[in-house]
Protein chains: 2
Amino acid sequence: MATLAPATPKGDAVASDRILRAATGLFCERGYHGTSVRTLARVLRLETASLYYHFPSKQEILFAILDRTLDDLLDGLRRAVAAADGAEQRLRAAVRYHVLFHAHRRQEAFVSHSELRSLTPGHLRRVVAKRDQYEDVFRGLLTAGVRGGVFQVPDVKLTAAAILSMCTGVALWFSEGGRLAPEAIAGRYVEIIVRSVDRRGKGPRS
Amino acid sequence: MATLAPATPKGDAVASDRILRAATGLFCERGYHGTSVRTLARVLRLETASLYYHFPSKQEILFAILDRTLDDLLDGLRRAVAAADGAEQRLRAAVRYHVLFHAHRRQEAFVSHSELRSLTPGHLRRVVAKRDQYEDVFRGLLTAGVRGGVFQVPDVKLTAAAILSMCTGVALWFSEGGRLAPEAIAGRYVEIIVRSVDRRGKGPRS
DNA sequence: GTCTATAACTAGATAGAC
DNA sequence: GTCTATCTAGTTATAGAC
């Protein structure tokens, strides 16, 4: 589960990684348009001109954050799913991974969802393509379970969206020193979701 | 279900309602900090100075949107719950109402979630207090069901957060001309959620 | 209730020294 | 690789005419 660790060690990060980390925190807290290049520079104890040596524009900083985060997210999901057997175990692994990622890398995950609208059209297209691939993995897991007779899901597309909304929400409220550890949250979410798609659950309006 | 209709008829809205409607659309699309007062004025075919006759600041426009939306949301939820009997029916009514609101009043709902961070501290406090009341209703419904022996929910607080994240997500992707009508989506969400909390569902790791 | 004109400030970005 | 200095344009908000 390498993608759950920060992308670079905190001690001796190269300059561009320092910038991305600081930008992630600010974009998470105040939003992309709510964060000025001057503010970002001040946090980094640099002048604004110095930032432009590392990135050609503020927009490229945002894109780098989203692009890297989505790469890590998708890569980790594929590993997690590949390590499990059977439809239910694969769905459990996928949900667990998604929740852990959104807890451990909360700020990056939050920005990746909240700042899609701040991307230029070209950047947006590339990021959305990756997000769609990610969603397709979940749809595939549900479809496999339905075909295998272990899940009962009337609308795979809608259910995948519902599951992902629920799990992504963790990035909105998770706090490191909070009541529940990431693993505990992930465990509960897995149970909630598996119950809701399980063939043995109660039927509609029964 | 009066709160699912627009707050004011579109034809002869008073000026401040016209402003709030236009601002809601822009804040939803580009964010609060991504929308300039000039842009808002242009959309309304006014000069920026004219806006300041109706609202003292851009911040007050944002607050008015969130405050009204949360009032309507909480009011409608209480009505919906009061009209149902029994723990399961009440939860069904609450989830259905929440989803319908987030589909029918998508932009207001979206802004109310995404722009909390753009509120000044005083405004934020007031809005968060209302949001907490809203969440408390859901927690109360789950607790009642657990006490009545119809729900099996190990962690009411976490489950309420999970349910609300899932349903609120509808405001992110719902489209009026889309494949599914609001009622169809609400119906599916109700089933997903009721299954996941029902006592008769499969137990943990069974 | 809407306008023109503008004040006071901040935005993203660049030139060129060191 | 970071700095000082600065450009151009855009920002929220106000004064005062109509």
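Order of the sequence lines fixes the chain letters, A, B, ..., with proteins taken first and strands second; residue numbering starts at 1 for each chain.
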Using the test side-chain hydrogen bond (donor to acceptor under 3.5 Å, both in side chains), find all partners of Arg117(B) that sit at least two apart in sequence or belong to another chain.
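Checked Arg117(B) against side-chain hydrogen bond (donor to acceptor under 3.5 Å, both in side chains); matches are Glu115(A).
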Against Val127(A), only a single residue in Leu70(A), Thr69(A), Asp132(A) fulfils side-chain contact (heavy atoms from CB on, under 4.5 Å); can you say which?
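Looking at Leu70(A), Thr69(A), Asp132(A), the match for Val127(A) under the side-chain contact (heavy atoms from CB on, under 4.5 Å) is Leu70(A).
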One thing to verify: whether [Y] and [X] come together as a salt bridge, which I'm taking to mean a side-chain N less than 4.0 angstrom from a carboxylate O.
{"X": "Arg79(B)", "Y": "Asp75(B)", "result": "yes"}
{"X": "Glu191(B)", "Y": "Arg195(B)", "result": "no"}
{"X": "Arg68(B)", "Y": "Asp71(B)", "result": "no"}

Considering all heavy atoms of both residues, which atom of Glu135(A) and which atom of Leu164(A) are nearest to each other, and what is their separation?
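Glu135(A) and Leu164(A) have their closest heavy atoms at CG-CD1, 3.3 Å.
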Less than 3.5 Å apart, any donor N or O on the side chain of His98(B) or Thr168(B) sitting next to an acceptor on the other?
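Yes, Thr168(B) and His98(B) have a side-chain donor paired with an acceptor closer than 3.5 Å.
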Could you tell me how far apart [X] ([atom1]) and [N] ([atom2]) are, to the nearest whole angstrom?
{"X": "Ile19(A)", "N": "dT2(D)", "atom1": "CD1", "atom2": "C1'", "value": "11 Å"}
{"X": "His54(A)", "N": "dA13(C)", "atom1": "NE2", "atom2": "C1'", "value": "16 Å"}
{"X": "Tyr53(B)", "N": "dT4(C)", "atom1": "OH", "atom2": "P", "value": "18 Å"}
{"X": "Leu44(B)", "N": "dC3(C)", "atom1": "CG", "atom2": "C1'", "value": "15 Å"}
{"X": "Leu40(A)", "N": "dG12(C)", "atom1": "CG", "atom2": "P", "value": "10 Å"}
{"X": "Leu46(A)", "N": "dT4(D)", "atom1": "CG", "atom2": "C1'", "value": "14 Å"}
{"X": "Arg42(A)", "N": "dA11(C)", "atom1": "CZ", "atom2": "C1'", "value": "13 Å"}
{"X": "Leu26(A)", "N": "dA11(C)", "atom1": "CG", "atom2": "C1'", "value": "16 Å"}

Looking at Arg147(B), I'd like to know if its CZ atom is crowded, meaning that more than 12 non-hydrogen atoms belonging to other residues, nucleotides or ligands lie closer than 6.0 Å.
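Count not over threshold, so no.
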Take a 6.0 Å sphere around CZ of Arg45(A) and say whether it holds more than 12 heavy atoms from other residues, nucleotides or ligands.
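No, CZ of Arg45(A) has 12 or fewer neighbouring heavy atoms, counting only those of other groups under 6.0 Å.
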For nucleotides 12-18 of chain D, give me one character per nucleotide, 5' to 3': B if any protein heavy atom sits under 4.0 Å from the base, S if the only such contacts are to the sugar-phosphate, - if neither.
BBBB---
Compare side-chain N and O positions of Ser50(B) against OP1 and OP2 of dG1(C) and report whether any pair is under 4.0 Å apart.
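Ser50(B) to dG1(C) OP1/OP2: no side-chain N or O under 4.0 Å.
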Heavy-atom contacts under 4.0 Å between residues 117-125 of chain A and DNA chain C, which residues?
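Those residues whose heavy atoms fall under 4.0 Å from DNA chain C, taken from residues 117-125 of chain A, amount to none.
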